[in-house]
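Just so it is clear, the model here is predicted, and its values are computed rather than measured.
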Amino acid sequence: MNFEKYDLIKFKAGLGELGLELGDLELNRLIQYYELLIEWNSFMNLTAITEFDEVCTKHFLDSLSLCKAIDCTKPLTLIDVGTGAGFPGIPLKLAFPNLHVVLLDSLGKRVRFLNEVIDALGLEDIEAVHGRAEDFAKPGSYREKFDLCVSRAVADLSVLSEYCIPFVKPGGLFVSYKSDKILNELSGAERSINILGGSLLKCETFILPNSDINRTLLIIKKLKTTPKKYPRKAGIPAKEPL
């Protein structure tokens, strides 16, 4: 592959704003990931963002911005719920190979794409799983197995919390990637977060590098075990938020 055709100056500057520096191997893998994303996007809907610099900013840098709130250099177990085309899980794995990552998505075609990326990039300690959060977070399976759950999924925070907090060990964290317009959503979700065993730890708000996009990372700490009846059956959390 001809990686020299890509201008990485802006991307490297954006990484620097996040306090990150990636080596040639990681940069080449990100470019390979980008090319697979565009190839597969030609016959299935993975992303509306396809221009290289935009993908670097709105997908790669956005995914990696987790490091502003979390020490990702530790050997954490991480699950990415509703990962879609692999964001934020794959960029995080590429930048922080010490992470043990599970990518969870409800669409089988997307999981096939994720497995293609994992194989093509030669990644280890990462797996893509086809299924719904409501099912995999039931007792047994992946329930309360992870130090960290992340999600860029577009859903109300109260709904997303019911999907995600059950995956987190007591003492672990759930991080939701949101826009800056989060205050109303947050106030409406506090009750559900508490019911699920969590508590808001902090909000990290910043401008995404190489952009004028306001971003907020909501960091929720798991204080106690989630009651066994949560998450409820598929479809109920969205229809009847806690």
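Using cut-offs of 30° and 60° on the angle between ring planes, the pair Phe87 and Phe60 is tilted. Ring pair Tyr34/Tyr6 is perpendicular by interplanar angle, where above 60° counts as perpendicular and below 30° as parallel.
Taking CD from Glu162 and CD1 from Ile165, the interatomic distance works out to 9.5 Å, rounded to the nearest 0.5 Å. Atom CD1 in Ile213 sits 5.0 Å away from atom NZ in Lys58 (nearest 0.5 Å). To the nearest 0.5 Å, atom OG of residue Ser161 and atom CD1 of residue Ile193 are 4.0 Å apart. Interatomic distance, CD of Glu54 versus CG of Asn210, reported as 11.5 Å (0.5 Å rounding). Rounding to the nearest 0.5 Å gives a distance of 12.5 Å between CG of Asp62 and SG of Cys56. Separation of atoms CG (Leu200) and OG (Ser187) is listed at 11.5 Å; rounding is to 0.5 Å.
A donor-acceptor pair shorter than 3.5 Å can be found between the side chains of Thr226 and Lys222. Judged purely by distance below 3.5 Å, without hydrogens or angles, the side chains of Asp105 and Thr83 never pair a donor atom with an acceptor atom. Defined by atom type and a distance below 3.5 Å, a donor-acceptor pair is missing between the side-chain atoms of His130 and Ser106. For the residue pair Ser151 and Ser176, no side-chain donor N or O sits within less than 3.5 Å of a side-chain acceptor on the partner.
The side-chain heavy atoms of Val168 and Leu148, taken from C-beta on, include no pair separated by under 4.5 Å. At a threshold of 4.5 Å between non-hydrogen side-chain atoms, the residues Lys221 and Lys202 do not count as touching. The shortest distance between side-chain heavy atoms of Leu99 and Asp125 does not fall below 4.5 Å.
Each salt bridge (Lys or Arg N to Asp or Glu O under 4.0 Å) pair with one or both residues in residues 64-92, not counting sequence neighbours, would appear here, but there are none.
Hydrophobic cluster membership differs between Val129 and Leu76, with clusters built from Ile, Leu, Val, Met, Phe, Trp and Tyr side chains linked at under 4.5 angstrom. Note: the hydrophobic cluster containing Tyr163 does not contain Leu104 (ILVMFWY, side chain heavy atoms under 4.5 Å, direct or indirect links). Taking hydrophobic clusters as Ile, Leu, Val, Met, Phe, Trp and Tyr residues chained together by side-chain heavy-atom distances below 4.5 Å, Ile79 does not share a cluster with Leu103. Both Leu37 and Ile31 are members of a single hydrophobic cluster when ILVMFWY side chains are connected at heavy-atom separations under 4.5 Å.
Open room surrounds NZ on Lys145; 12 or fewer heavy atoms of other groups in view lie less than 6.0 Å from it.
Salt bridge Glu134/Arg232: absent, no basic N to carboxylate O contact under 4.0 Å.
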Can you list the steps and then say if Asp147 with Thr77 is a side chain to side chain donor-acceptor pair (under 3.5 Å)?
CA-CA 5 Å; Asp147 302 308; Thr77 52; 3.0 Å; yes
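Proximity of the aromatic rings of Phe136 and Tyr142 is defined here by a centroid distance below 6.0 angstrom, and this criterion is met.
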Check residues 11-27 and write down every donor-acceptor pair under 3.5 Å in which the side-chain atom is one partner and the other belongs to a residue at least two apart or another chain.
from, atom 1, to, atom 2, distance (Å)
Glu26, OE1, Gly23, N, 3.0

